[in-house]
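One structure, as structure tokens, below. Some questions next.
We count residues from 1, following the sequence as given.
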Amino acid sequence: MKHCLYILVLLMVSATTVQAQRGGGRGGFSLSNLSSSQKEIPDSLLVADSAALNSKRITAYRLTPLLGEAYVAPLDTNRLNFGNSTLVENKSLAVGYLANLGSPAQTKIFSERKEPRDFIFADPYDYYITTPENAYFYNTKIPYTNVMYTTAGGSTNKEEQLKATMTMNFGKKLNVGGDFDYIYGRGHYKDNGDKLLSYRLFGSYQTDRYEVHAYLSNFNFVNYENGGLANDSTINHPDEYFPEGRPSDTKSYDVRYLASAWNRVRGKQYFLTQRYNLGFTRELEETDEEGNPKEIFVPVSSIIHTIDYEDNRRHFISNSSLIDSAYVVDDNGQRFPRIYGLGAKLDDQTSSWKLKNTIGLSLREGFQDWAKFGLTAFVNFEKRRFKLEPRIEGLSYGEYGRGPYFSVEGLDLNNLPTEKIYDEFSTYVGAEISKRMGSILTYDARGELCMVGSDIGEFRATGNLQTRFKLFKKDATIRANGYIKNVTPAFYMRHNHSRYFWWDNEDFNMIQQIYAGGEVNLESTGTTLSAGVESIQNYIYFDKTGVPNQHSGNLQVVNARLKQDFHFRAFGWENEVCWQLSSNDDVLPLPKLSAYSNMYLAVKLAKVLTVQLGANVYYNTAYYAPYYEPATQQFQIQRDENKVKVGNYPLVNAYVNFHLKQARFFIMAYNLSSKFAEPNYFSLAHYPLNPMVLKMGIAVTFNN
């Protein structure tokens with residue numbers, strides 16, 4: 001009730017002030033009273049280690065979820081560590097993936113894992129999918145283009161990436177541009193290649209009164225599946241497996257799948273957020289060249305509208321029935337493939353779409369000295385539809401599928417259902433309070449609750465608090481953050497109908513999560529220290545049989561992280577370590593220690609060429625890492641019969657980076673440690689990393 005009264009009072013103040021200020025009174029107005037979205041965003045390229053631009057010619061920023069508030073997002077233009085930035089390992093302190101760039105991946109740091117999508121088949125590709133939370137927007141004074149190309153390996157196992165961004169302004173208000181990302185990996189192992197194509201067209205239009213940001217994106221990812229190695233000894237005990245010597249062709253190693261198969265995941269998204277600002281113009285104490293007082297628009301409140309549409313499809317296919325041999329069950333000594341449905345061969349298909357429509361009203365921070373924070377209320381309408389293979393009456397859908405004595409007798413093959421459709425609709429109400437201006441204390445808190453629909457009772461409450469001060473004449477920051485969630489399990493964790501896995505988990509309870517953490521950042525010493533603890537009730541995981549299971553007990557995860565950098569003249573040494581502990585390793589296995597270290601020398605030659613020569617190492621302790629199951633595209637607990645530990649291997653890469661004006665290029669020996677350390681370079685259970693390979697790349701920025 002107090003919030004409603006506060007909103008009504010400020011709206012009345014806004015309306016009367018607009019009328020009063022049309023004549024233009026000159027009080028001492030400060031530009032610092034503008035809201036954060038109206039302040040000029042600092043140039044995200046002008047940082048100490050970025051490609052030098054002599055003026056603020058380009059600004060890059062992202063938008064907050066649902067409400068579209070702009071905030072600075074630095075671009076990857078660093079002179080140093082360019083080669084490292086192209087690695088999958090750079091996306092997390094510790095990450096498990098299928099050897100190739102663009103392959104399904106999952107961070108091993110639990111605090112970095114995101115809430116699952118309803119369309120869980122896209123989660124393994126999260127690092128390569130554009131979302132409203134990670135999408136860049138730009139404001140440029142001159143056309144800006146950045147093109148990057150990387151390559152690794154030989155003709156039979158080459159891995160390549162071509163990535164480009166181009167954007168330009170048409171006047172001060174309108175910006176348009178596009179992104180393109182193409183990854184093609186032939187793979188070092190049999191049926192281990194991938195091909196990812198994604199693009200985005202975006203634009204923005206900003207005036208004092210009206211702001212709009214929009215984009216349309218599309219992706220088409222193809223991942224060839226082999227199920228992992230049939231015998232890990234081909235990597236870590238080659239002398240035992242190959243008594244006559246390991247073959248030079250890694251594609252000759254035996255894999256789990258006896259036939260070729262591949263997953264295709266496609267998606268498109270249309271996103272638009274707009275706001276209309278209500279406010280007044282006010283005269284400043286400054287005057288223009290003709291002596292007239294300058295005027296500036298002061299936003300008091302905003303009407304916000306965001307629409308977000310997603311369409312996703314998944315297709316898992318093989319042209320040979322030999323792949324069925326990878327999904328065999330044992331019934332009293334009789335072994336046969338576990339198969340659901342009537343299909344003669346693997347041809348799983350499913351699709352979904354989601355439409356989110358958000359309307360909000362915001363009271364802006366700082367339009368007067370007494371308005372110390374901003375307040376926003378919003379309502380969100382969400383409609384979802386999913387299509388699955390239907391259940392056929394007369395077939396068995398138990399533990400063993402249709403069974404070895406499957407027969408079509410008694411089935412009306414001319415009148416079978418073609419699809420099962422699930423419709424869901426939810427309405428959320430929420431509010432956000434924030435203080436983003438100033439440096440002594442800033443904060444934001446947001447809460448939303450599903451009042452009506454399929455997710456009734458679902459809620460999320462998040463908060464962040466930050467203070468900044470000077471320590472040894474440099475910035476020091478202390479942050480605290482936390483959240484409380486009560487979330488409906490993702491749709492495909494509740495329902496999935498496919499050839500090898502079939503489940504309908506109507507009895508799953510909501511997932512309850514509580515997290516509290518903090519971070520201290522000391523610029524004077526190059527130190528960042530963070531820690532957090534999370535408690536989860538009803539955690540859902542994919543068990544050793546490959547199906548989702550709900551842990552009824554309470555699960556705790558504790559983590560502590562330290563980042564320490566040292567720099568002295570040409571010498572640099574960057575270090576990061578994370579310790580984490582899961583209260584139940586059978587449900588949530590995690591490496592207890594993950595570390596990264598990067599040591600280098602960086603010098604400038606002839607005042608224009610920067611050369612960085614160094615080596616880095618990634619390491620995590622051994623643990624029972626999850627296994628990637630291609631049929632569900634999820635990371636599951638390992639089976640008991642072939643359980644193995646992954647880790648305790650130093651992944652060492654030696655490199656040399658160059659920076660010349662607006663060009664960066666590198667040469668790297670990836671997994672150099674495979675030549676001198678014990679060859680146990682597995683990233684996930686039964687999925688090894690690539691052997692030593694030479695990587696090269698170049699990135700050029702055109703900003704004129």
Side-chain angles (χ1 to χ4, degrees), residues 88-89 91-100 103-117 120-127 189 192 223 225-230 232 235-236 255-257 263 316 326-327 489-490 492-493 496 500-501 503 511 534 536 539-551 555 557 559 578 580-594 618-649 651 680-689:
V88 178
E89 285 81 6
K91 300 181 183 298
S92 172
L93 178 61
V95 61
Y97 66 110
L98 278 56
N100 289 330
S103 63
Q106 182 187 54
T107 177
K108 299 178 182 181
I109 309 301
F110 185 76
S111 61
E112 296 179 355
R113 295 183 186 176
K114 299 180 180 179
E115 190 177 304
R117 298 172 169 86
I120 60 176
F121 308 108
D123 286 342
Y125 301 98
D126 188 66
Y127 291 132
Y189 306 98
N192 183 229
N223 195 78
E225 307 285 10
N226 61 17
L229 294 182
D232 293 353
I235 297 294
N236 51 21
V255 295
R256 178 187 171 203
Y257 283 178
N263 270 301
F316 183 38
Y327 300 93
Y492 284 98
M493 289 181 175
N496 182 40
Y500 305 124
F501 292 94
W503 64 72
I511 306 167
E534 182 163 6
I536 311 171
Y539 176 72
I540 295 180
Y541 64 102
F542 284 79
D543 63 21
K544 62 186 66 177
T545 66
V547 302
N549 199 344
Q550 189 161 51
H551 179 61
L555 181 68
V557 182
N559 75 86
C578 177
Q580 55 186 351
L581 181 65
S582 168
S583 63
N584 191 332
D585 289 329
D586 294 331
V587 172
L588 179 61
L590 297 170
K592 288 185 171 57
L593 192 69
S594 302
Y618 294 87
Y619 175 85
N620 63 259
T621 52
Y623 75 114
Y624 291 109
Y627 167 74
Y628 169 76
E629 171 52 65
T632 60
Q633 293 192 279
Q634 299 304 301
F635 301 90
Q636 68 176 60
I637 302 299
Q638 294 185 49
R639 294 180 180 271
D640 292 332
E641 60 267 22
N642 56 359
K643 205 170 184 180
V644 295
K645 281 194 172 184
V646 172
N648 195 27
Y649 174 78
L651 175 64
N680 191 30
Y681 46 88
F682 283 87
S683 183
L684 295 167
H686 315 304
Y687 286 97
L689 294 168

Between Y539 and V557, does the side-chain contact (heavy atoms from CB on, under 4.5 Å) criterion hold? Intermediate values first, please. CA-CA 12 Å; Y539 176 72; V557 182; over 6 Å; no

So with a 6.0 Å cut-off around NZ of K592, is the heavy-atom count from everything else above 12? no

Are the side chain of Q106 and the backbone N or O of P124 linked by a donor-acceptor pair below 3.5 Å?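 Side chain of Q106 to backbone of P124, a donor-acceptor pair under 3.5 Å: no, none is there.
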
Just by modelled atom types, is the G227 backbone N or O under 3.5 Å from a matching donor or acceptor in the E225 side chain? no

Would you say that Y127 contacts S92 through its side chain, given a criterion of any heavy-atom pair below 4.5 Å between the two side chains?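 Yes - at least one pair of side-chain heavy atoms lies under 4.5 Å apart.
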
Separation between OH of Y541 and CD of Q636, rounded to the nearest 0.5 Å: 11.5 Å

Taking all heavy atoms of L93 and all of C578, pick out the closest pair and write down the distance. CD2-CB, 3.4 Å

Less than 4.5 Å apart, side chain to side chain, heavy atoms only: is that true for T632 and W503? yes

Could you report the tightest heavy-atom contact between P489 and I540, atom names first, then the distance?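 Taking every non-hydrogen atom into account, CB-CD1, 3.4 Å.
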
My understanding is that only one of R113, K91, E112 makes a side chain to side chain donor-acceptor pair (under 3.5 Å) with T107; could you say which? E112

Are side-chain heavy atoms of F542 and M493 found at a separation under 4.5 Å? yes

Main chain of I109, side chain of N559: is a donor-acceptor contact present, judged purely on distance under 3.5 Å?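 A pair under 3.5 Å: no.
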
If you round to the nearest 0.5 Å, how far is CG of D586 from NZ of K544?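 Rounded to the nearest 0.5 Å, the NZ-CG separation comes to 7.0 Å.
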
Pairwise distance CG(D123) to CD(Q633) - rounded to 0.5 angstrom: 10.0 Å

Could you list the residues that satisfy ring-ring contact (aromatic ring centres under 6.0 Å, His included) with Y257, not counting sequence neighbours?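 Y257 satisfies ring-ring contact (aromatic ring centres under 6.0 Å, His included) with no residue once adjacent residues are dropped.
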
Does R256 make a cation-pi contact with Y327, if we ask for NZ or CZ under 6.0 Å from the ring centre and within 45° of the axis?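 Judged by the rule, R256 and Y327 form a cation-pi pair.
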
For a 4.5 angstrom cut-off between non-hydrogen side-chain atoms, does F121 reach N263? no

Hey, mind stepping through L98 and N223 against side-chain contact (heavy atoms from CB on, under 4.5 Å) and telling me if it holds? CA-CA 10 Å; L98 278 56; N223 195 78; 4.1 Å; yes

Minimal heavy-atom distance between Y97 and S103, with the atoms involved, is CD1-OG, 3.7 Å

Does the Q580 side chain pair with the main chain of K108, one donor and one acceptor, at a distance under 3.5 Å?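 Answer holds: yes.
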
May I ask you to decide if L588's main-chain N or O and S582's side chain share a donor-acceptor pair within less than 3.5 Å?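 A pair under 3.5 Å: yes.
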
Holding to salt bridge (charged side-chain N to carboxylate O under 4.0 Å, His left out), I want the full list of residues that pass it with E115, two or more places apart in sequence or in another chain.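 Salt bridge (charged side-chain N to carboxylate O under 4.0 Å, His left out) list for E115, sorted by chain: R460, K485.
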
What's the shortest heavy-atom distance between I120 and Q634, and which atoms?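 Scanning both residues completely, I find the closest heavy atoms to be O-NE2, 3.1 Å.
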
Taking every non-hydrogen atom, the tightest pair across P116 and A490: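 Minimum heavy-atom contact is CB-CB, 4.4 Å.
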
Keeping E89 on the side-chain end and V95 on the backbone end, is there a donor-acceptor pair under 3.5 Å?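 Side chain of E89 to backbone of V95, a donor-acceptor pair under 3.5 Å: no, none is there.
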
Contact summary for P104 and F635, nearest pair of heavy atoms: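 P104 and F635 have their closest heavy atoms at C-CZ, 4.1 Å.
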
side-chain contact (heavy atoms from CB on, under 4.5 Å) between N496 and F501, intermediate numbers included: CA-CA 7 Å; N496 182 40; F501 292 94; 4.2 Å; yes

Dump the intermediate steps for side-chain contact (heavy atoms from CB on, under 4.5 Å) on F682 and V644, then the final yes or no. CA-CA 10 Å; F682 283 87; V644 295; over 6 Å; no

Looking at CD1 of I511 and CD1 of I536, how far apart are the two atoms once the value is rounded to the nearest 0.5 Å? 8.5 Å

Taking atom CD1 of I235 and atom OH of Y687, what is their separation to the nearest 0.5 Å? 14.0 Å

Atom pair CG/CZ of D543 and R639 - distance to nearest 0.5 Å: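 Interatomic distance, D543 CG to R639 CZ, rounded to 0.5 Å: 9.0 Å.
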
Give a yes-or-no answer on whether the side chains of N648 and Y619 include a donor-acceptor pair shorter than 3.5 Å.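 A pair is found: one side chain offers a donor N or O, the other an acceptor, under 3.5 Å apart.
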
Quick one: does any side-chain atom of Y500 pair with a main-chain N or O of A631 as donor and acceptor, under 3.5 Å?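 Between the backbone of A631 and the side chain of Y500 there is no qualifying donor-acceptor contact (under 3.5 Å).
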
